[in-house]
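Just so it is clear: chains get the letters A, B, ... in the order the sequence lines come, proteins before strands, and each one is counted from 1.
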Amino acid sequence: MSYLSTQLIRWHKQFGRKDLPWQIDTNPYKVWISEVMLQQTQVQTVIPYFLKFIKRYPDIDSLANSNENEVLSYWSGLGYYSRGRNLLKTAKIIQEEFDSSMPSCSEKLESFPGIGKSTAGAILSLGFKMKAPILDGNAKRVLVRYFKVEDPIDLNKTTKQLWNIAEENLPNKECNVYTQAIMDVGSLICKRRNPDCIECPLKKKCISFNEKIQNLLPNKSPKKEKPIRQLYWLLLQNKHGEVLLENRNSKGVWEGLWTFIGFEEPISRENFQDRLPKGYELLEEGLKLRHTFTHYKLDIDTTLIKINKDFQDLDNNKVWFNTEELSGIGLPSPVSKILKTFI
DNA sequence: TATGCGTGGTG
DNA sequence: TCACCAAGCAT
């Protein structure tokens, strides 16, 4: 057993997190759901989503028997919606081909949609108590500082190197404790900014700490500037108070979710009166908000139009929703915000 | 392999 | 205020 794993396991028994919702009465299914929710997402954000999700989908069969629209409604606001869609796809595969029980084999797990090497490792170690490595952002940061890895961590080459380090340093027993420990130390002590090295169980042998360069690592490649795109949303409301939404069934951002009808040019009386039925009322112009994605920014300008008569001219992916129905479908965050403002 | 994919929190 | 981040995966 290495100093690294021995120290981390000892530390976790005294200071580690043991009462997160997915750690209570845990099983491989809960580990899977929580790990997917936690991808690129903070613990405090995930907790309420996890609790609601597990209550509705307590096991693989309940999830596999659901449908994409309902699963996405439980994912609304959490982001990276392909995670939600892949959860459903994988549940169906496990139900059909694995008798509704999670396989305890890394190759099979990694073959499922939405499960990569790190999530598979977490399911094996935390869920099945097997010896398996993880390499999430926390573990990366701990290993980078402990071993003084100076290459930028966003490079594939560095990630490969860190996977080797992660595997070489696994303990032969209590790997589940080790896995939770390295994530906890990474998240609570070995923080990106201002790490609490004094509290760290690894400080005696941490190369970065001993060279006093812990604040200089990890390194990252220089980033690119984000482009800004304009989007004009048309919020149509009929005389029953229902709202017209369009399902985004094409690949790309917010796939499978419902949004307002969008345009790249401004919406005005002049260029819209011939596209709408007579008797509409333009109520508000210019609710503006900015939404930032990882790779670009979106400046959204919404126009609310109330329609006084029935308006049926819809293609098959446009639907009128009443307030109650809106809570049962997947909505991107800015759509929810705008609905709260207007409806 | 470099990029697309969300969102809420934070210093 | 705003740039950057947080338990990655897919292509």
At less than 4.0 Å, is any side-chain N or O atom of [X] found next to OP1 or OP2 of [N]? Yes or no.
{"X": "A:Arg141", "N": "C:dA6", "answer": "yes"}
{"X": "A:Ser333", "N": "B:dG8", "answer": "yes"}
{"X": "A:Arg83", "N": "C:dG8", "answer": "no"}
{"X": "A:Lys297", "N": "C:dA3", "answer": "yes"}
{"X": "A:Lys220", "N": "C:dC5", "answer": "yes"}
{"X": "A:Trp254", "N": "B:dT7", "answer": "yes"}
{"X": "A:Gln42", "N": "B:dG9", "answer": "no"}
{"X": "A:Thr119", "N": "C:dC9", "answer": "yes"}
{"X": "A:Tyr81", "N": "B:dT7", "answer": "yes"}
{"X": "A:His295", "N": "B:dC5", "answer": "no"}

Base, sugar-phosphate alone, or nothing: which one does [X] contact when heavy atoms must sit under 4.0 Å apart?
{"X": "A:Val36", "result": "nothing"}
{"X": "A:Ile115", "result": "sugar-phosphate"}
{"X": "A:Leu20", "result": "base"}
{"X": "A:Phe50", "result": "nothing"}
{"X": "A:Gly186", "result": "nothing"}
{"X": "A:Trp22", "result": "base"}

Open item on the list: Determine whether a donor-acceptor pair (one donor, one acceptor, N or O, separation below 3.5 Å) exists between the side chain of A:Thr294 and the base of B:dG4.
Closed with: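 Checked by distance alone, the answer is no.
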Open item on the list: So, under a plain 3.5 Å distance rule, would you say the side chain of A:Thr41 forms a donor-acceptor pair with the base of B:dG6?
Closed with: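 Such a pair is found, so the answer is yes.
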Task: First encountered from the 5' end of DNA chain B, between A:Phe293 and A:Leu155 - done: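 Here A:Leu155 is the residue nearer the 5' end.
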Task: DNA chain C: 5'-proximal contact among A:Gly114 and A:Gln23 (nearest heavy atom) - done: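 Final value for this comparison: A:Gln23.
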- [ ] For the residue pair A:Tyr29 and A:Trp32, categorise the inter-ring angle as parallel (less than 30°), tilted (30 to 60°) or perpendicular (more than 60°).
- [x]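 Perpendicular: the ring planes of A:Tyr29 and A:Trp32 meet at over 60°.
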- [ ] Please work out whether the ring planes of A:Phe15 and A:Trp11 are parallel, tilted or perpendicular, with thresholds of 30° and 60°.
- [x]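 The rings of A:Phe15 and A:Trp11 sit tilted, inter-plane angle from 30° to 60°.
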- [ ] Tell me whether the centres of the aromatic rings in A:Phe260 and A:Tyr232 are closer together than 6.0 Å.
- [x]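 Distance test on ring centres: not under 6.0 Å, no.
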TODO: Taking the six-membered ring for Trp and the full ring for Phe, Tyr or His, determine whether the centres of A:Phe321 and A:Trp258 are under 6.0 Å apart.
DONE: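 Yes, the ring of A:Phe321 comes within the 6.0 Å limit of the ring of A:Trp258, centre to centre.
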Open item on the list: Measure CD1/A:Ile153 against C1'/B:dT1 and give the value in whole Å, please.
Closed with: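 Between C1' of B:dT1 and CD1 of A:Ile153: 17 Å.
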Open item on the list: A quick test of your reading: do over 12 heavy atoms of other residues, nucleotides or ligands sit less than 6.0 Å from NZ of A:Lys52?
Closed with: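 No, not enclosed.
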- [ ] Count the heavy atoms of every other residue, nucleotide or ligand shown that sit under 6.0 Å from NZ of A:Lys173, and state whether that count exceeds 12.
- [x]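 Counting other residues, nucleotides and ligands, NZ of A:Lys173 stays at 12 neighbours or fewer.
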Task: Atom P, compared across B:dG8 and C:dC9: separation rounded to whole Å - done: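 Nearest-Å result for B:dG8 against C:dC9 at atom P: 22 Å.
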